[in-house]
Enquirer: 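After the structure tokens below, expect a handful of questions from me.
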Amino acid sequence: MNLAESLRHPIFKVVGEIADSKKEKAFAIGGYVRDLLLNRDVKDIDIVVEGSGIELAKAAAKKLGVKKVTVYKNFGTAMFISEGYEIEFVGARKESYRSNSRKPIVEDGTIEDDQQRRDFTINALALSLNSSSFGELIDPFNGLQDLEGRIIRTPLDPDITYSDDPLRMMRAIRFASQLKFTIVPDSIDAIRNNADRLKIVSMERIEVELNKIMMTTRPSIGLKLLMRTGLLKEFFPELLKLKGVERRNGIAHKDNFYHTLEVIDNVAMESDNLWLRWAALMHDIAKPQTKRFMPGLGWTFHGHEDRGARMVPKIFKRLKLPLDQKMKYVQKLVLLHLRPIALTKEEITDSAIRRMLFDAGDDIDDLMILCRADITSKNESKVKRYLKNYDLVKQKLIEVEQKDSVRNFQPPVSGECIMETFGIPPSANVGKLKRLIKEAILEGEIRNDYDEAFDFMLLKGAELGLEKAN
Ligand code: ATP
Ligand code: MG
């Protein structure tokens, strides 16, 4: 097979010419070739040369008129950016591993050596760039066949490949979910056997792969594989704990692991927001801890939203996820995820709507996406009824927000105004009055408006024994 026609970026001809003149062999390799054959968008190009990658990068940059070349001397690699592509250069290498580290001992090698050290056959494809064989596919491990068969397979014995660098186990599952490929059975077995080797991989690297899985169109594919291979329990045991069904007096609760996966897939259909997907992953995380069997009532998970929200920081910290407002957002959605459901069960009052708007603020739309996604009942008429109720809630939300604008609640009467009016210093009474005003607005006793709030403040101030200053 020859792909010369597809190698349009000028870098390929330029690299070929330089390599020809130095009597070296150079190739495009790895993800670039794979994605080219799959017709996927690619933004990085990997070049391998049987020679010095750094020298080749410098010479190629010069020919292309690229000024800035970044050299990683320790790794023997170099990269630059050209026409929006990140182009990385490395010398062909042979690798050998020790048991306690995923960093190999590296020596110069041939293109075959270099292809052998790649993680999967579909990632080991190379395209020759020298002029006499420009565009020819070098495929010693039948990667093309595996691409066509949509298969993830390691070039060498999978037990060794995964044990050498256990990050490859995460990558296998990531590619399986990203590309919707199947991991061959002996590779699955090898991952199961080597799952505990994940310990030598840094959490940062695990998290990158995990988030790539979370961003696929159906994250459940990858999450199920993580569970089945035993990888999940290495870094996210809380999620695994959701798995299983208990039955008492003939009453079973649903399997909260599979339910959670359905919710993430539902959210993924509506939104590309990674953190909304994380909220879906965590929304029921405290169900195992809060599970009770109440005779007459069945299974309850009382307070799991509150307890779950409190579990978020610890899990985020361990998984090296951001601890900033993104975590706060996930926490908030976990905490509030039952609120819209609760609303649909009773008569929907304006004050309940106002309270939810106040608590959710700008995240109200995401909260509604999460709640709709949370409906995974197999009972169609039930689902229909719920969804209809949500539409009602949504309608109400719009009406109430138009009337009272509490979504980004700003107190209509400020603390300064309270102090000035009563001639008092900063004190407990100021906070108390502010709270009373807010409550009155949310309850619908007064409107969210300066005049009404001011009169209400005078009234409540008097009850507290405060007098209007002159
Ligand atoms: P993507 O860019 O979509 O994440 P990719 O396959 O291009 O996928 P990169 O991390 O860019 O992944 O790596 C480029 C190439 O380097 C891969 O295609 C593969 O050949 C090789 N590679 C990357 N990581 C490993 C690894 N842990 N073990 C073996 N080979 C690897
Ligand atoms: Mg890549």
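As the structure is a prediction and not an experimental result, all values here were calculated from the model. Atoms within each ligand, like the ligands themselves, are counted from 1 in listed order. We're numbering straight along the sequence, starting at 1.
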Enquirer: Is it true that F175 lies under 4.0 Å from ligand 1, counting heavy atoms only?
Expert: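 Right, F175 reaches ligand 1.
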Enquirer: Would R34 and N123 satisfy side chain to side chain donor-acceptor pair (under 3.5 Å), going step by step from the backbone distance to the final call?
Expert: CA-CA 6 Å; R34 178 199 67 218; N123 284 349; 2.6 Å; yes
Enquirer: Run the ring-centre check on H259 versus H253 and record whether the distance is less than 6.0 Å.
Expert: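 No, ring centres 6.0 Å or more apart.
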Enquirer: Between W275 and W278, how do the two ring planes meet: parallel, tilted or perpendicular, split at 30° and 60°?
Expert: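 If you compare the ring of W275 with that of W278, the planes turn out parallel.
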Enquirer: Any idea which part of R117 is under 4.0 Å from ligand 1, heavy-atom wise: side chain, backbone, both or neither?
Expert: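 It is the backbone that touches ligand 1; the side chain stays farther off.
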Enquirer: Could you check which of N123, D35, I45, T161 puts a non-hydrogen atom nearest to atom 20 (O) of ligand 1?
Expert: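 The nearest heavy atom belongs to N123.
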Enquirer: Specify whether Y32 and F12 have parallel, tilted or perpendicular ring planes, treating 30° as the upper limit for parallel and 60° as the lower limit for perpendicular.
Expert: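 Ring orientation of Y32 relative to F12: tilted.
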Enquirer: Return yes when atom CD of E204 has more than 12 non-hydrogen atoms of other residues, nucleotides or ligands closer than 6.0 Å, and no otherwise.
Expert: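 Yes, enclosed.
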Enquirer: Where is the nearest protein heavy atom to atom 3 (O) of ligand 1: which residue, which atom, and how far?
Expert: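 Its nearest protein heavy-atom neighbour is R174 NH1, 3.4 Å.
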Enquirer: Consider only side-chain N and O atoms of S187 and D189, and report whether a donor and an acceptor are under 3.5 Å apart.
Expert: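 No, because no side-chain N or O of S187 sits under 3.5 Å from a partner of the opposite role on D189.
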Enquirer: Any idea which of M169, R34, R171 brings a heavy atom closest to atom 17 (C) of ligand 1?
Expert: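 Heavy atom nearest to atom 17 (C) of ligand 1 belongs to R171.
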Enquirer: Taking the side chain as every heavy atom from C-beta outward, state whether L125 and L137 have any atom pair closer than 4.5 Å.
Expert: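 Heavy-atom side-chain distance check passes, below 4.5 Å.
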Enquirer: In the protein, which heavy atom is nearest to atom 7 (O) of ligand 1, and how far is it?
Expert: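 Nearest neighbour among protein heavy atoms for atom 7 (O) of ligand 1, to 0.1 Å: G31 CA, 3.4 Å.
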Enquirer: When rounded to the nearest 0.5 angstrom, what distance separates OG in S220 from CG in L225?
Expert: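 Going from OG on S220 over to CG on L225, the span is 9.5 Å.
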Enquirer: For atom 11 (O) of ligand 1, what is the closest protein heavy atom, and at what distance to 0.1 Å?
Expert: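 Of every protein heavy atom, D44 OD2, 4.0 Å lies nearest to atom 11 (O) of ligand 1.
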Enquirer: Any idea which atoms of ligand 1 are less than 4.0 Å away from a heavy-atom of K212?
Expert: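 In order of number, 4 (O).
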Enquirer: Quick one: nearest non-hydrogen protein atom to atom 30 (N) of ligand 1, plus distance?
Expert: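 Here the closest protein heavy atom is D119 N, 3.2 Å.
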Enquirer: Give a yes or no on whether the ring-centroid distance for F141 and F120 is below 6.0 angstrom.
Expert: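 For F141 and F120, the ring centres are not under 6.0 Å apart.
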Enquirer: Is the shortest heavy-atom distance from the side chain of M368 to the side chain of Y390 under 4.5 Å?
Expert: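 Heavy-atom side-chain distance check passes, below 4.5 Å.
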Enquirer: Starting from atom 27 (N) of ligand 1, which protein heavy atom do you reach first, and at what distance in Å?
Expert: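 Answer, as residue, atom name and distance: D165 OD2, 2.8 Å.
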Enquirer: Tell me the protein heavy atom at minimum distance from atom 14 (C) of ligand 1, and give that distance in Å.
Expert: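 It is D46 OD2, 3.5 Å.
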Enquirer: Distance under 4.0 Å to a non-hydrogen atom of G30: what atoms of ligand 1 satisfy this?
Expert: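 Result: 18 (O), 20 (O).
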Enquirer: Checking a contact table here: which protein heavy atom is nearest atom 15 (C) of ligand 1, and how many Å away?
Expert: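 The closest heavy atom on the protein side is R118 NH1, 3.6 Å.
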Enquirer: Identify, for atom 28 (N) of ligand 1, the protein heavy atom at the shortest distance, and state residue, atom and that distance.
Expert: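 Of the protein heavy atoms, R168 NE, 2.7 Å lies nearest.
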Enquirer: Does some non-hydrogen atom of L167 fall short of 4.0 Å from ligand 1?
Expert: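 False for this residue.
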Enquirer: Is D44 close enough to the Mg ion (ligand 2) that one of its N, O or S atoms comes in under 2.8 Å?
Expert: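 So D44 counts as coordinating the Mg ion (ligand 2), yes.
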